[in-house]
Every structure is written in structure tokens, then in C-alpha cells.
*Asks:* 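Here it is, the structure, as C-alpha cells.
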Amino acid sequence: MKVGILGCGAIANIITNFAVEGKLGVDLNFFYDRDMERAENLASQVDGTVALDINSMLENVDLVIEAAAPQAVSETVPLVLEHGVDVIIMSIGALMDTELRKTLENLAAKNNAKIYAPSGAIVGLDGIKAASIGKIQSATLVTRKPPRSLGVSAEEETILYEGKAGDAVRKFPMNINVAAALSLACGKEVDVKIIADPSVDRNMHEVQVIGDFGEIKTITQNVRCSMNPKTSVMAAYSAIKLLNSLNETFRIGT
């Protein structure tokens, strides 16, 4: 399987490092970024090709990893699907837009393509997806990050947001993809609290889901990417595991 990356930032760097070590399970061939130098840097590590435009990439790959920004999901992913190319969407927050999500699903079905959304920076989505077969009564997410990760300054614990996931994603589009992933797994918009906490040095996500199945509680404490403190290493790892699973004959989990 030939794979291209759209957006050559922190997540793309981690994925490329795994490709260099022969741990990716697919052929990472094409790189596209508006910053040509970033694309050239990653391409050089795997003897890959810098795509001068999206179309030239789509003519040569089976799957594209969107690792750019929410805007790319609405502007570029439709083009990917129209070419019948599968896509992994890392900016999953964009999928909280119901109209956009339905449009992408229809394009995928029409062109025999698939859309993948990795679990990202939280754990337990397999169990939550299974629980959603029944009735989920409540689902909450408390995200706690160092102020720098949230792009703010705070000398003490400060609640930046408390409300529904959709609004959280709109206000913190580069920080709270986990709220979207959890909402999509639950099949309902979850309640979110975002806290800037100078006493922590990791991106932390506490999830509680209650339903007719019982109760799930998880706490994830993520190491931040050195290139971008807004991004957790686990987010990149979830994409890498998904890529590896595409060629597996034995799979665990949903």
C-alpha cells in the first residue's frame, strides 16, 4: 500500500520516523505541505517524493493521512475521496460538523473509498464503541493541559471551557480532537471541561461514560510532542497502529 501525508508537522514527523525504522507496515512515498521545506525534509528521510500539489499525490497513492489542520478536512479530504483514495483523518474535530461528515461519508460510498478516524490521544474507545450499541446515559471528558499546550498563560489552575464537545472543538480546534473522537464513539455529544494547569507537564484526559452496560472510567496522561506541545505522541501512535492493522490478518478490538 502506497501512502501519502498531507501536512508535515509533528504527527507526520513521528510517522516518518517509524517508516525510517521499518516499523510502519506500508510504503510512505509522498509528502505535501504548504511549507515545501518541511515536506522536503521528511521526504528525504525515506527517499520519498514531495508532491507539488494534491492532485499529483492522489494519482500515486492508495491512502492519504490528513495531519494538517481542521480546514484541510473540508477543503482537501473531499478531493481525496473523489479520487477513490482512502483517508485517515487526524483533525477529527472537523467531523463534529454533521453536514461535513455526511458529505464525506457520501463521497466515500460513491467512490468506493474508506474514511478512518484513529482513537488519537485517549484510550478506551473500543469499549465505548461497544457500549454505544446499548444506551449511553452520560459521557464526560475533563482535559487538563499545561497552559503552553493550550496557548495561554496561567499561574494557577484555570477552567478555560465547560460545555458541549462541538463548541469546545470550535473554540480549541488544535487542542481538543479527543472530544470529537469520544463523541463520535458514543454516538452523542459529550460534556467537556478544559483546564489549564501549570502544575502538570503532560496532556491529561479523564473520561467517564455511564450506560446500561455499566460504567467506564479512563485516565490518559500523554507525553507531548517536542515539536508541538499541543499534540500528544499517542495521537501519532494511534495512526501508526491503524496503518499497521490494515495489513493484519488477526485483529484485536473493534
*Asks:* When hydrophobic residues are tied together by side-chain contacts of less than 4.5 Å, even through go-betweens, does Leu107 share a cluster with Ile89?
*Replies:*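 Cluster IDs for Leu107 and Ile89 match.
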*Asks:* Taking only residues two or more places apart in sequence, or in another chain, which ones meet Glu21 in a salt bridge (Lys or Arg N to Asp or Glu O under 4.0 Å)?
*Replies:*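 Result, salt bridge (Lys or Arg N to Asp or Glu O under 4.0 Å) vs Glu21: Lys23.
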*Asks:* I'd like to know if Arg144 pairs up with Glu206 as an ion pair, taking the criterion as any Lys NZ or Arg NE/NH1/NH2 lying under 4.0 Å from an Asp or Glu carboxylate oxygen.
*Replies:*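 No salt bridge links Arg144 with Glu206.
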*Asks:* Using the rule that Ile, Leu, Val, Met, Phe, Trp and Tyr join whenever any side-chain heavy atoms are under 4.5 Å apart, tell me whether Val142 and Val207 fall into a single cluster.
*Replies:*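 Val142 does not cluster with Val207.
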*Asks:* For atom CD of Glu248, is the number of surrounding heavy atoms from other residues, nucleotides or ligands below 6.0 Å larger than 12?
*Replies:*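 Yes, because the 6.0 Å sphere around CD of Glu248 holds more than 12 heavy atoms from other groups.
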*Asks:* Give the minimum heavy-atom separation between Gly120 and Ser238, together with the two atoms involved.
*Replies:*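 Between these two residues, the closest heavy atoms are N-OG, 3.1 Å.
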*Asks:* Identify the two heavy atoms, one from Arg38 and one from Cys8, that lie closest to each other, and give their separation to 0.1 Å.
*Replies:*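 Here Arg38 and Cys8 meet closest at NE-O, 3.7 Å.
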*Asks:* If you count the non-hydrogen atoms of other residues, nucleotides and ligands that lie under 6.0 Å from CG in Asn247, is the total more than 12?
*Replies:*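 Atom CG in Asn247 is crowded, with more than 12 foreign heavy atoms closer than 6.0 Å.
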*Asks:* In terms of hydrophobic clusters joined by side-chain contacts under 4.5 Å, are Ile15 and Phe31 together?
*Replies:*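 Yes, same cluster.
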*Asks:* Is it possible for you to say whether Ile216 and Val192 belong to one hydrophobic cluster, with membership spreading through side-chain heavy-atom contacts below 4.5 Å?
*Replies:*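 The answer is yes; both residues are in one hydrophobic cluster.
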*Asks:* May I ask you to say whether Asp197 pairs ionically with Lys145, meaning some side-chain N is under 4.0 Å from a carboxylate O?
*Replies:*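 Looking at Asp197 and Lys145, the cut-off is not met.
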*Asks:* Does Asp191 reach the main-chain N or O of Thr140 with its side chain, forming a donor-acceptor pair under 3.5 Å?
*Replies:*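 Checked: no pair found.
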*Asks:* Between the side chain of Ser183 and the main-chain N/O of Val190, is any donor-acceptor distance below 3.5 Å?
*Replies:*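 Yes, the answer is positive, given that a donor and an acceptor are paired below the 3.5 Å cut-off.
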*Asks:* Between Ile11 and Ala67, which heavy-atom pair has the shortest distance, and what is it?
*Replies:*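 Ile11 and Ala67 have their closest heavy atoms at CG2-CB, 4.2 Å.
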*Asks:* Is any side-chain heavy atom of Met90 closer than 4.5 Å to one of Pro118?
*Replies:*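 In contact.
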*Asks:* Tyr32 and Asp53: which non-hydrogen atoms are nearest, and at how many Å?
*Replies:*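 So the minimum-distance heavy-atom pair works out to CE1-CA, 3.8 Å.
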*Asks:* Quick one: does Lys2's side chain get under 4.5 Å of Asn60's, heavy atoms only?
*Replies:*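 SC-SC contact between Lys2 and Asn60 ruled out.
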*Asks:* Under a plain distance cut-off of 3.5 Å, with no hydrogens placed, do Thr76 and Glu66 share a side-chain donor-acceptor pair?
*Replies:*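 No, because no side-chain N or O of Glu66 sits under 3.5 Å from a partner of the opposite role on Thr76.
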*Asks:* Are side-chain N/O atoms of Thr220 and Asn222 paired as donor and acceptor at under 3.5 Å?
*Replies:*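 Their side chains do not contain a donor-acceptor pair, so the 3.5 Å distance test is not met.
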*Asks:* So which of Val178, Thr218, Val123 actually passes side chain to side chain contact (heavy atoms under 4.5 Å, CB included) with His205?
*Replies:*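 Only match with His205 under side chain to side chain contact (heavy atoms under 4.5 Å, CB included): Val178.
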*Asks:* On a heavy-atom basis, which atom in Ala68 and which in Met174 lie closest, and how many Å separate them?
*Replies:*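 Reported closest heavy-atom pair: O-CE, 4.3 Å.
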*Asks:* What are the two closest heavy atoms between Ile136 and Ser132, and how far apart are they?
*Replies:*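 Smallest heavy-atom distance, with atoms named: CD1-CA, 3.8 Å.
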*Asks:* For the pair Asn41 (side chain) and Glu37 (backbone), establish whether a donor and an acceptor sit closer than 3.5 Å, ignoring hydrogens and angles.
*Replies:*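 Judged by distance alone, no pair lies under 3.5 Å.
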*Asks:* Should we count CG of Asn55 as having more than 12 external heavy atoms under 6.0 Å?
*Replies:*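 Count over threshold, so yes.
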*Asks:* Are the side chains of Leu6 and Val80 in contact, using a 4.5 Å heavy-atom criterion?
*Replies:*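 A side-chain contact is absent here, since even the closest heavy-atom pair is not under 4.5 Å.
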*Asks:* Under 4.5 Å between any side-chain heavy atoms of Leu63 and Leu243, yes or no?
*Replies:*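 Heavy-atom side-chain distance check passes, below 4.5 Å.
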*Asks:* Do the side chain of Glu189 and the main chain of Gly166 share a donor and acceptor less than 3.5 angstrom apart?
*Replies:*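 Checked: pair present.
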*Asks:* Is a side-chain donor or acceptor of Thr158 paired with a backbone partner of Ala196 at a separation under 3.5 angstrom?
*Replies:*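 Here the side-chain-to-backbone pair does not exist.
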